[in-house]
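Read the structure below first, then the notes.
A note on names: the letters A, B, ... follow the listed sequences, proteins ahead of strands, and every chain is numbered from 1. Here the structure is a predicted model, which is why all the values come from computation and not from measurement. Just so it is clear, the values below take in all heavy atoms, side chains as well, and ignore hydrogens, waters and symmetry mates.
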There are 2 protein chains.
Amino acid sequence: MATDFGNFFKSAFTVDNVIFGFDEGDLKVLLIKRGEEPFMGDWALPGHFVYPAEDLDTAAIRVLEELTGLNNVYLEQVKTFGAVDRHPFGRVITIAYFSLIKISNYTIQSSSIALQAQWHSISQVTELPFDHMVILQSCLNRLRWLLRLRPVGFELLPPKFTLTELQHLYEAILETDLDKRNFRKKILSMNLIIDLDEMQEGVAHRPARLYKFDRKRYQQFLEEGFSFELKETRKKERISRSQLLSADQ
Amino acid sequence: MATDFGNFFKSAFTVDNVIFGFDEGDLKVLLIKRGEEPFMGDWALPGHFVYPAEDLDTAAIRVLEELTGLNNVYLEQVKTFGAVDRHPFGRVITIAYFSLIKISNYTIQSSSIALQAQWHSISQVTELPFDHMVILQSCLNRLRWLLRLRPVGFELLPPKFTLTELQHLYEAILETDLDKRNFRKKILSMNLIIDLDEMQEGVAHRPARLYKFDRKRYQQFLEEGFSFELKETRKKERISRSQLLSADQ
DNA sequence: GTAATTAGTGTACATTTTACACTAGCCCTT
DNA sequence: AAGGGCTAGTGTAAAATGTACACTAATTAC
């Protein structure tokens with residue numbers, strides 16, 4: 001169980017975390033300015049070595065929390081990257097995670113790493129050190145994939161949101177236009193968001209209704225298990241297969 | 001770039017490969033009888049250390065080829081497992097792959113490892129060393145998921161197959177019954193299989209037609225890119241979104 | 001030639017997806 | 001307070017897809 005730290009740079013593993021946020025109608029990713037070689041001073045994905053007595057998920061959670069102060073956020077392992085020459089100093093494989101956070105909850109941490117962190121619009125990130133561009137792209141694909149299948153969009157919005165905001169989020173991430181009426185019909189038919197009977201304030205036009213995600217109801221469905229393929233249909237109260245949800249590992 | 005082999009057991013990474021096959025109407029997995037401690041003599045997933053100058057995919061391909069003599073098969077990284085105590089001798093994380101092979105092409109290799117390999121029906125594998133049961137389950141979920149979305153079933157069948165065989169494969173993997181007429185309608189409407197105008201031989205009943213997978217046509221669609229969400233529809237010759245295919249990374 | 005066995009086929013209905021354009025409500029200006 | 005500017009909010013019809021369901025056809029074995 002003992003690990004020789006002196007050999008870390010010869011054969012080691014790290015986690016890299018693609019932290020997505022959504023703001024100003026734009027999908028963003030949190031990057032840090034590297035404080036060490038190689039690529040010191042460049043913007044890169046936040047990552048760190050996995051400690052010897054630390055599980056992979058734990059390491060990813062740690063990196064996220066040190067950077068953002070947030071825990072209990074959506075986090076998922078995506079893929080492991082281990083090309084022989086991906087790190088100039090030795091053989092380092094990295095397990096890529098992505099997480100979804102509400103930028104509104106995010107406050108800059110005082111850790112020296114976190115002070116160097118900044119949100120970047122996805123569309124403007126064109127160059128990253130190591131194989132980080134590939135990792136980013138991979139996580140982005142996964143996010144798009146997931147967004148079609150699961151109600152994860154809510155993770156990126158403040159607790160109260162309007163349907164238009166939600167639609168803009170879908171449009172920004174999927175890079176497509178959606179029909180307003182069809183989008184609302186579909187979202188509402190999921191029965192996973194609750195009308196708060198509150199209105200937007202401080203806008204210079206007709207205010208929109210505010211909604212929140214019905215996390216309890218979603219949990220319930222997850223726990224009951226999806227049984228899409230079964231022939232018998234619980235008539236009411238059933239989330240149909242089409243409704244952005246799907247059974248998965 | 002140098003790696004200290006003496007430290008391999010202190011902090012190392014391996015690949016484990018879940019090799020699926022299909023035979024006698026049953027989904028199978030290829031297991032090896034371990035020739036070394038720990039768990040010597042137990043059936044386990046085939047795996048191996050990743051060599052210092054070897055990419056992860058390469059390592060997975062190597063393990064597969066040494067065991068089966070096959071290359072150029074469907075192989076995909078699934079997930080990395082790295083619980084601190086998953087290996088009793090030290091910190092070993094493993095990158096899990098799964099591959100799909102045609103059992104009909106499989107011949108036992110003469111390597112000492114391969115001699116100890118055997119196909120096991122998935123349903124009868126109930127206990128495996130390390131966290132291999134979790135890995136197997138994870139790959140199985142991925143396979144099921146994939147089978148709904150992509151035409152990967154063909155990878156498990158001999159080059160010529162009948163529609164009934166294909167249906168049985170879907171039923172076995174998805175653990176569900178499918179309607180014969182609807183299944184055929186759907187499969188044929190994909191236009192991804194070619195009617196060979198040949199008949200089954202040596203069966204004691206009406207012989208079925210033989211088909212083969214139209215790999216070229218599938219490649220073509222992959223290369224053209226899926227553009228499901230676009231509004232304009234190439235009227236004919238288009239694979240619709242519903243047809244077991246989907247855009248993914 | 002007949003029994004046994006699997007192959008092969010069509011139709012009607014339900015559900016889901018898609019396309020599409022106008023009215024409603026609030027704020028700000030004048 | 002009337003009107004302009006802006007975003008919110010709503011319904012319907014047609015097309016595509018999914019689902020349920022039962023009989024005839026072709027071959028072999030006896």
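OP1 or OP2 of C/dA7 has at least one side-chain nitrogen or oxygen of B/Thr164 nearer than 4.0 Å. For the OP1/OP2 pair of D/dG9 and a distance below 4.0 Å, the side-chain nitrogens and oxygens of A/Arg184 include at least one atom meeting the criterion.
Closest-nucleotide positions on DNA chain C for A/Met199 and A/Asn182 were compared, and the one nearer the 5' end corresponds to A/Asn182. Between B/Tyr211 and A/Ala204, the residue anchored closer to the 5' end of DNA chain C is B/Tyr211, taking for each the nucleotide with the nearest heavy atom. With DNA chain D read from its 5' end, the first of the two nearest nucleotides for B/Pro207 and A/Pro207 is the one closest to A/Pro207.
Here C/dG8 presents its C1' atom at 15 Å from CD of B/Glu165, a figure rounded to the nearest Å. Rounded to whole Å, the distance from CG on A/Asp195 to P on D/dA8 is 15 Å. Distance, B/Asp197 CG to C/dG8 P: 12 Å, rounded to whole Å. Spacing between atom CZ of A/Arg148 and atom P of C/dT16 amounts to 19 Å, rounded to whole angstrom units. D/dT10 atom C1' lies 12 Å from atom CG of A/Leu163, rounded to whole Å. Between B/Arg206 atom CZ and D/dT24 atom C1' the separation is 9 Å, expressed in whole Å. For B/Phe183 and C/dA7, the CZ to P distance is 12 Å, given to the nearest whole Å. A/Gln167 has its CD atom 12 Å from the C1' atom of D/dG9, to the nearest Å.
Ring geometry for A/His120 against A/Trp43 counts as perpendicular: the plane angle is over 60°, on a 0 to 90° scale with 30° as the lower cut. A tilted orientation is assigned to the rings of A/Phe161 and A/Phe154, their planes being inclined by 30° to 60°.
Here D/dT7 is the nucleotide among D/dT7, C/dC20, C/dA7 with the atom lying nearest to any side-chain atom of A/His205. Comparing D/dG11, C/dT17, D/dA8 by their closest approach to the side chain of A/Arg181 singles out D/dG11.
Judged by atom type and distance alone, B/Lys180 reaches the base of C/dG8 through a side-chain donor-acceptor pair under 3.5 Å. A donor-acceptor contact under 3.5 angstrom links the side-chain atoms of A/Lys185 to the base of C/dT18.
Checked by atom type and distance alone, the side chain of A/Ser121 never pairs as donor or acceptor with a backbone atom of A/Gln124 at under 3.5 Å.
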Exercise. Going through the distances and angles, do B/Gln77 and A/Thr80 end up as a side chain to side chain contact (heavy atoms under 4.5 Å, CB included)?
Worked result: CA-CA 8 Å; B/Gln77 188 190 304; A/Thr80 296; 3.5 Å; yes
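Within the nucleic acid shown, B/Arg209 comes within 4.0 Å of sugar-phosphate atoms alone, with no base atom in reach, counting heavy atoms only. B/Thr162 comes within contact range of no nucleotide atom at all, as no heavy-atom separation falls under 4.0 Å.
One finds the OG1 atom of B/Thr162 at 11.5 Å from the CG atom of B/Leu196 (value rounded to the nearest 0.5 Å).
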